[in-house]
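Atom set for the values below is all heavy atoms of this structure, side chains included, hydrogens, waters and symmetry mates excluded.
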Amino acid sequence: MFKLKILTGEKRIQYKPLSVAVKFLFEDKKLESTLNNTEKIFNIKLSELQKKNFLGKNDVLTSSRYDGKPDEVILYKVNKEKDFSPDYFRSKIAGLISQINKSEVRNLHIFIPSFKNFSEYFSSEEYFYRTFVEGIYYGNYYFSIKKEKDDVKELTVFLYADNDELIEQAISMTSVIMKGVNKTKDLQNAPSNELFPEELANRIKKMFDNEKVDVKVFDEAALEKRKMGGLLAVGNGSEHKPRMIIIDYNKDAGKGKKKIKSIAVVGKGVTFDSGGISIKPSQGMSEMKGDMSGAAVVAGLLYVISNLNLPIHVTGIIPAAENMPSGSSMRPGDILTTASGKTIEVDNTDAEGRIILSDGLDYACKLNPDLIIDLATLTGACVVALGSHVAGVFTKDEELAQSLFKIGMQTSEKVWPMPMWDEYHQLNKSEVADVKNLGGRWGGAISAAKFLENFVNPKIKWAHIDIAGPAGPHEFNNYNKKYFTGFGVRLLFEYLYSGGLK
C-alpha cells in the first residue's frame with residue numbers, strides 16, 4: 001500500500017530517481033512507426049525481440065534506462081476493436097499499481113491518451129480522466145489487521161493529459177469518491193467479531209463530521225416503540241442486538257421556498273449471517289461477514305454526497321442485525337408483525353435480509369421521498385442468473401432501470417433489469433400471514449424483490465438492487481480479486497450527480 005499523492009503533470013517533465021513512465025500505444029497499421037518514435041521520445045533502445053513480441057501478441061513492453069530518466073518505461077498496446085470498454089484504463093492502471101506495490105518505485109508518470117480517440121466510449125472527457133484516477137485508488141487498496149504492519153511507502157503519480165483544468169477537476173472529485181469507496185470496503189472487509197450492529201453504528205457515526213449530516217441510531221427500545229418487528233426478530237438470536245441507523249444529509253435545505261429533490265437509500269446490514277435456525281453449510285460461511293454490504297454502500301455513498309455537497313436531500317436507512325441461532329432466535333413457522341402492520345410468515349430463517357428490509361423500506365416510505373433505492377446482498381439466485389460481477393435491478397420504472405443500466409456500463413458497476421411482473425406475487429403467498437418470506441426455488445431473486453414490494457408505497461418510485469454477486473471478490477477485472485468491492489457507491493453517485501433525480 002502506498003501513501004498516494006496524485007498531481008497534474010507539468011509541461012516540462014522532470015524524472016526524479018526511482019521513476020516509471022507509462023504510455024499507451026494504439027494497435028493499428030502505424031504501431032511500428034509509433035513504437036520507433038516512442039524510443040526517441042524516451043531515449044530508449046528496444047531489442048528486436050522486444051519489438052517483435054510487442055508488435056505480435058504481447059500487450060505490454062517494459063524497458064529500463066541505464067541513466068534513470070526515467071528508470072523504466074512501460075508501454076501498453078491498446079486495441080479499440082478488441083475487448084475495449086470504459087473499464088479498460090481503470091482496470092489496467094489498477095493492475096499496474098498493485099504490481100509495483102512491493103517495488104521501490106517512488107514516482108509514476110502516466111501519459112493519458114487523447115480523449116478524442118475514445119470519445120464514443122465515455123460520457124465526457126472529465127469522466128475519461130476520472131477512470132485513470134479510480135484505477136490508481138483501486139490498485140492501492142489494502143485491508144489487514146495484522147500485528148506486523150507492512151511498510152507504507154510514498155508514491156507520487158503525475159497525470160499528463162490534453163486538458164489540465166479537467167484533469168485537475170478529475171483528480172479532486174475522484175479522490176473524494178474513492179475515499180468513500182474505500183470506507184465502504186473497510187466496513188465490508190472487517191471481521192464480524194469486530195463489526196456487530198452497535199459497532200457498525202459507531203463506525204458510521206465517526207465517518208461524518210459534516211455539519212449537513214445528522215446520524216441517529218435506534219436501539220432495541222426505540223425499535224420496539226416503532227414496532228419494527230421484522231428487524232427485532234432477525235436480531236433476537238444474537239447477543240449483539242439490532243440497530244436502525246439513519247444518516248440524514250441536507251434535510252433542512254428543502255424547508256425554504258425552493259423544493260429540492262429527495263431520495264431514500266436503504267441498505268441491508270446483516271453483520272453476519274449464519275442462517276439462524278435454518279443454518280447455512282459451513283463451507284463459505286466466512287463470506288457472510290459481507291452480508292452488510294448494502295449498509296456499507298449506503299454509508300459510503302452518503303460520505304461522497306455530503307463531501308461533494310450535492311444539491312439534493314438524501315436519507316440513508318440501515319437496518320442492522322446479526323442472524324444467529326440460539327434459544328431466542330426466530331423459528332420457521334413464526335409470524336412477525338412489521339412496522340407497516342403487515343405480517344410475515346417465516347418459512348426459512350436464512351431469508352432474513354428481506355425481513356429487516358421490510359422495516360427499513362416502511363421507514364423510507366413514511367419520509368415520502370421522490371425515490372427509494374435499496375441495496376442488498378439478497379439472493380444467491382441473482383448470482384446464478386447474472387454471474388458474480390453484475391447486479392440485478394428490479395423496478396417497474398423503465399426510465400430508472402435504463403438510467404442505472406447506462407451508468408453501470410460507464411462505471412463498470414453493471415446492472416441488468418429483471419422482470420417485476422405481478423404474477424410472481426403468487427410465489428410469496430401465505431395462508432396464515434400477509435406474505436411468506438421465501439418464494440421457492442425458481443425465480444428466487446425475483447420473488448425476493450416482489451416480497452420487498454409489499455412494503456413499498458406504490459406511489460413512490462422504487463428500485464431494488466441485488467448486489468449479492470458483485471459485492472464480493474471476483475476475477476472480472478484487476479481491482480476486485482481480493483476484497484469485498486464497494487460496488488454501488490460509484491453507480492449511485494453518478495446517477496445522482498448526472499441529474500437522475502429530475
Side-chain angles (χ1 to χ4, degrees), residues 184 187-204 217-218 220 223 228-245 265-281 284-300 316-326 328-330 336 338 344 346 348-361 363 374-383 391 437-438 444-445 448-449 451-452 455 464-472 484 487-488:
T184 296
L187 290 173
Q188 289 176 293
N189 289 295
S192 297
N193 63 316
E194 292 188 0
L195 193 72
F196 38 87
E198 185 178 3
E199 177 60 18
L200 176 63
N202 291 337
R203 293 192 188 188
I204 288 174
V217 179
F218 300 153
E220 276 185 283
L223 296 177
M228 293 183 172
L231 179 54
L232 284 163
V234 171
N236 204 41
S238 172
E239 64 181 43
H240 300 296
K241 296 308 177 185
R243 297 288 185 269
M244 180 76 83
I245 307 161
V265 191
V266 185
K268 174 187 170 184
V270 177
T271 58
F272 187 77
D273 181 19
S274 69
I277 296 295
S278 310
I279 197 163
K280 293 177 180 289
M285 196 190 286
S286 62
E287 297 174 6
M288 290 301 101
K289 69 179 184 180
D291 209 20
M292 38 61 69
S293 290
V297 171
V298 169
I317 300 164
I318 298 171
E322 185 177 59
N323 187 24
M324 298 291 282
S326 77
S328 57
S329 295
M330 67 175 177
L336 315 175
T338 65
I344 300 171
V346 180
N348 187 314
T349 66
D350 193 23
E352 85 299 328
R354 63 200 74 183
I355 295 177
I356 68 171
L357 286 171
S358 68
D359 285 333
L361 288 168
Y363 186 92
D374 76 77
L375 303 102
T377 47
L378 206 62
T379 66
C382 199
V383 190
N437 83 320
L438 198 64
F451 173 94
L452 296 178
F455 302 92
H464 159 60
I465 305 178
D466 192 329
I467 60 173
F484 283 88
F487 179 102

Quick check for you: to the nearest 0.5 Å, what is the distance between [X] atom [atom1] and [Y] atom [atom2]?
X    : Y    : atom1 : atom2 : value
I355 : M228 : CD1   : CE    : 15.5 Å
L232 : M244 : CG    : CE    : 9.5 Å
M285 : I279 : CE    : CD1   : 4.5 Å
F218 : L231 : CZ    : CG    : 11.0 Å
S238 : F272 : OG    : CZ    : 10.5 Å
D350 : L438 : CG    : CG    : 9.0 Å

Residue list, side-chain contact (heavy atoms from CB on, under 4.5 Å) with [X], at least two apart or on another chain:
X    : value
A448 : R354, L378, T379
N193 : P191
A233 : M330, L336
A296 : T184, L187, Q188, M292

Looking at every non-hydrogen atom in both residues, tell me the closest pair between [X] and [Y] and how far apart they are.
X    : Y    : answer
F484 : K289 : CE1-CE, 3.9 Å
I356 : A321 : CG2-CB, 4.5 Å
S274 : P325 : OG-CD, 3.1 Å
N348 : N437 : O-ND2, 2.8 Å
K268 : A376 : CB-CB, 3.6 Å
G237 : S328 : CA-OG, 3.8 Å

Q) Quick one: does S329's side chain get under 4.5 Å of I277's, heavy atoms only? A)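 Yes, side chains in contact.
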
Q | L361 vs L452 side-chain heavy atoms within contact, under 4.5 Å | A |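 SC-SC contact between L361 and L452 confirmed.
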
Q. Is it true that a side-chain atom of T349 and a backbone atom of G275 form a donor plus acceptor pair closer than 3.5 Å?
A.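 Indeed, once roles are kept as given, a pair shorter than 3.5 Å links the two residues.
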
Q) Can any side-chain N or O of D291 pair as donor or acceptor with the backbone N or O of T271 at less than 3.5 Å? A)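 Checked: no pair found.
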
(Q) Run the salt bridge (Lys or Arg N to Asp or Glu O under 4.0 Å) test against D273 and tell me which residues pass, sequence neighbours left out. (A)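 Only K280 meet the salt bridge (Lys or Arg N to Asp or Glu O under 4.0 Å) criterion with D273.
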
Would you tabulate the side-chain donor-acceptor contacts of residues 194-204 under 3.5 Å, counting partners in other chains and residues two or more places apart, or write 'none'?
unit_1, atom_1, unit_2, atom_2, d
E199, OE2, R203, NE, 2.9
N202, ND2, E198, O, 3.4

